[in-house]
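Here the structure comes first, spelled out in structure tokens, and everything after it is commentary.
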Amino acid sequence: MYDKITPPTTGAKITFKNGEPVVPENPIIPFIQGDGTGIDIWPATEKVLDAAVAKAYKGQRKISWFRVYAGDEACDLYGTYQYLPQDTLTAIEEYGVAIKGPLTTPVGGGIRSLNVALRQIFDLYTCVRPCRYYAGTPSPHKTPEKLDVIIYRENTEDIYLGIEWKQGSEIGDRLIKFLNEELIPATPEHGKKQIPLDAGIGIKPISKTGSQRLVRRAIKHALLLPKNKQQVTLVHKGNIMKYTEGAFRDWGYELATSEFRNETVTERESWILGNKEKNANLSLEENARMIDPGFDSLTPEKKAQIVKEVETTLNTIWESHGNGKWKEKIMVNDRIADSIFQQIQTRPDEYSILATMNLNGDYLSDAAAAIVGGLGMGPGANIGDSCAIFEATHGTAPKHAGLDRINPGSVILSGVMMLEFMGWQEAADLVKKGLGDAIANSQVTYDLARLMEPPVEPLKCSEFADAIIKHFG
Ligand SMILES: NC(=O)C1=CN([C@@H]2O[C@H](COP(=O)(O)OP(=O)(O)OC[C@H]3O[C@@H](n4cnc5c(N)ncnc54)[C@H](OP(=O)(O)O)[C@@H]3O)[C@@H](O)[C@H]2O)C=CC1
Ligand SMILES: O=C(O)CCC(=O)C(=O)O
Ligand SMILES: [Mg+2]
């Protein structure tokens, strides 16, 4: 079945039932060490996870690691250009849950991302990236403890589908000609616009199915959070890209108010209900004026549309959500992408789950990780209906590779997410305690050490792993 790898002789497969993992006591878990600093981070991660499982379950549970290959080390073993061998894909498919270090993607040419390929091959449509603060972590931000968000990033489409044509290529030129001469003139709203003849062209597909299955998962997660964190913010640049980013927002609201009607309230609905609660005699038009500050300068059609929105809201959900009941529901709101980048800094405690498209989520997860200590503190998970691959937010950080200095925190915390996904909460809690206490005692790698005041002597990557284990208690 496998060409160059052999599964462990002990252990059993994780299977999936209705999208949930069914985990044996001794699961076989494939791992990819990763390029660049993977060589430093992976051994540290494996050591910490094994120690936590051993301590939590006293031998009753154990992970059998199965080394599989991707990236540069796959080419070393399988031959030139064998970046993602079939063996690796077969193993991940067979064992269902895997964890990986970062993989290199060249800029401007060469292979397309292996990380993205894995997400697409296994339809891991949800990328979950929590950003929370561990006490004592130095941060350039004044109040990093106020940020506690989970980014739910659509993981399979958007520009990451990678459908683009190089400037000057034969098909690229044909496409531009077709757009300029046929499709744009046939679309009145585009007027006389023309694409420059020397442009590269990329396609940005955002589907209703992809958007809604992502938002569905985000809302289901919100339902499990404490009441004060039950909020899902749809992040988009829908003012500029109306039929992709704007549609993501609309499909998100549509899903929330159809599939989760009783559990959710949208921000605009909450204003309409709140206005009526404060003044039972408020007319529909007065209410409409209060939810839309520019109401008086709108066209009659637009005004009528907003009045209708108020009427429909009150008719359909006053009974179930009115008289303050909406305050117990999951709040679904939306924010424009550029605005959310400043809001997570200026009003971090106003956000909880941020549901995004692929590119926005990629940017936002690095930015949010920076607030809570940097890319060494940014874990992640790629989750589908029958497979999950855990990986950090950061990349290969090549300038630090092989120096035993990089922060393994993000991959270790990705391992924590994996343990939680498996239902091994006791082991996950031990790692979180160990990591938190190591940081609180200023036992940190270079990235955090340089931010501390006064600066502390950094631990090596491997020493940080040992410090985490010592702090299990
Ligand atoms: N999922 C994946 O596998 C990903 C892969 N990549 C790929 O990785 C390669 C390198 O990308 P690049 O843009 O340099 O981004 P990286 O995330 O690899 O690194 C950028 C910088 O972030 C800091 N950093 C990253 N990881 C850590 C860590 N564990 N601990 C502490 N600091 C960290 C370092 O900053 P400093 O030097 O200032 O300390 C580093 O130089 C590219 O080929 C890219 O495509 C990128 C993102 C995700
Ligand atoms: O695959 C890559 O090289 C980059 C991906 C990335 O930045 C991410 O998923 O956060
Ligand atoms: Mg990224």
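Both counts, for ligands and for their atoms, begin at 1 and track the order of listing. Just so you know, these numbers come straight off a predicted model, no measurement behind them. Sequential numbering from 1 along the given sequence is applied to the chain's residues.
A pairwise comparison of heavy atoms in I371 and P144 identifies O-CB, 3.3 Å as the closest pair.
Among all non-hydrogen protein atoms, the one lying nearest atom 1 (O) of ligand 2 is S113 OG, 2.5 Å. Regarding atom 29 (N) of ligand 1, its nearest protein heavy-atom neighbour is N407 O, 2.8 Å. Given atom 8 (O) of ligand 1, the protein heavy atom at minimum distance is T396 N, 3.0 Å. With hydrogens left out, the protein atom closest to atom 1 (N) of ligand 1 is E391 OE1, 3.0 Å, a heavy atom. What sits closest to atom 39 (O) of ligand 1 on the protein, heavy atoms only, is Y446 OH, 2.5 Å. Scanning the protein for heavy atoms near atom 27 (C) of ligand 1, the closest one is I406 CD1, 3.8 Å. Among protein heavy atoms, the minimum distance from atom 38 (O) of ligand 1 is reached at R450 NH2, 3.4 Å. Looking only at protein heavy atoms, the nearest one to atom 43 (O) of ligand 1 is T105 N, 2.9 Å. Among protein heavy atoms, the minimum distance from atom 15 (O) of ligand 1 is reached at G395 N, 4.4 Å.
Taking each of T37, L114, L375 in turn, the one with a heavy atom nearest to atom 22 (O) of ligand 1 proves to be L375. The closest non-hydrogen atom to atom 3 (O) of ligand 2, taken over L103, N358, T105, L118, comes from T105. Nearest to atom 2 (C) of ligand 1 by heavy atom, out of V411, L118, I412, N115, is N115. Atom 4 (C) of ligand 1 has its nearest heavy-atom neighbour, among K399, H394, H400, in H394.
Electrostatic pairing of K146 and E350 does not count as a salt bridge here, judged by no charged N lying under 4.0 Å from a carboxylate O. Classification of E263 and K329 as a salt-bridged pair fails, no side-chain N sitting under 4.0 Å from a carboxylate O. The residues E245 and K237 are annotated as not salt-bridged, no charged nitrogen and carboxylate oxygen being separated by less than 4.0 angstrom. Checked for salt-bridge contact, K432 and E420 meet the test: a charged N lies under 4.0 Å from a carboxylate O.
Counting only protein atoms, the N, O or S atoms lying less than 2.8 Å from the Mg ion (ligand 3) are D362 OD1, ordered by chain and residue number.
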Derivation of the salt bridge (charged side-chain N to carboxylate O under 4.0 Å, His left out) call for E73 and R67: CA-CA 11 Å; E73 55 172 14; R67 183 164 187 182; 2.6 Å; yes
Salt bridge (charged side-chain N to carboxylate O under 4.0 Å, His left out) for K166 and D173? Distances and angles first, verdict last. CA-CA 9 Å; K166 197 175 170 153; D173 285 350; over 6 Å; no
ring-ring contact (aromatic ring centres under 6.0 Å, His included) between Y78 and Y83, worked out: CA-CA 8 Å; Y78 289 85; Y83 287 98; over 10 Å; no
Please step through salt bridge (charged side-chain N to carboxylate O under 4.0 Å, His left out) for the pair E391 and R119, ending with a clear verdict. CA-CA 11 Å; E391 69 174 332; R119 298 166 197 165; 2.7 Å; yes
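Counting only heavy atoms, the protein gets under 4.0 Å from atom 45 (O) of ligand 1. Of the protein's heavy atoms, none falls inside 4.0 Å of atom 13 (O) of ligand 1. Shown here, atom 18 (O) of ligand 1 is in close reach of the protein: a heavy atom of it lies under 4.0 Å off.
Neither the backbone nor the side chain of E391 has any atom closer than 4.0 Å to an atom of ligand 2 (non-hydrogen atoms only). The backbone of T393, and not its side chain, has at least one atom closer than 4.0 Å to an atom of ligand 1 (non-hydrogen atoms only; backbone = N, CA, C, O). At a 4.0 Å heavy-atom cut-off, ligand 2 does not touch H394 at all. Here R112 has no heavy atoms under 4.0 Å from ligand 2, in either its backbone or its side chain.
Shown in contact with R119 at under 4.0 Å from a heavy atom are these atoms of ligand 1, numbered in order with element: 1 (N). Close approach to T104 involves these atoms of ligand 1, each under 4.0 Å from a residue heavy atom: 43 (O). Interface atoms of ligand 1 facing D447, defined by a heavy-atom separation under 4.0 Å, are 30 (N), 31 (C). Near N115, meaning under 4.0 Å from any of its heavy atoms, are these atoms of ligand 2: 1 (O), 2 (C), 3 (O). Listed by number with element, the atoms of ligand 1 under 4.0 angstrom from any heavy atom of P102 are 3 (O). Every atom of ligand 2 is numbered from 1 in the order shown, and the set under 4.0 Å from a heavy atom of R129 is 8 (C), 9 (O), 10 (O). Listed by number with element, the atoms of ligand 1 under 4.0 Å from a non-hydrogen atom of K100 are 3 (O).
Because its NZ or CZ atom is both nearer than 6.0 Å to the ring centre of Y160 and within 45° of the ring axis, R153 counts as a cation-pi partner of that residue.
Ligand 1 does not have R405 within reach: every non-hydrogen atom of the residue lies 4.0 Å or more from it. Ligand 1 lies out of reach of M377, whose nearest heavy atom is not under 4.0 Å from it. For the pair V107 and ligand 1, no heavy-atom separation below 4.0 Å is found.
Between D447 and the choices I406, L375, N407, the side chain to side chain contact (heavy atoms under 4.5 Å, CB included) rule is met once, by N407.
Ring-centre distance between F31 and F66: not below the 6.0 Å cut-off.
Scored by the salt bridge (charged side-chain N to carboxylate O under 4.0 Å, His left out) test, K4 finds no partners at all (sequence neighbours excluded).
At distances below 3.5 Å, at least one donor-acceptor pair connects side-chain atoms of D35 with backbone N or O atoms of T104.
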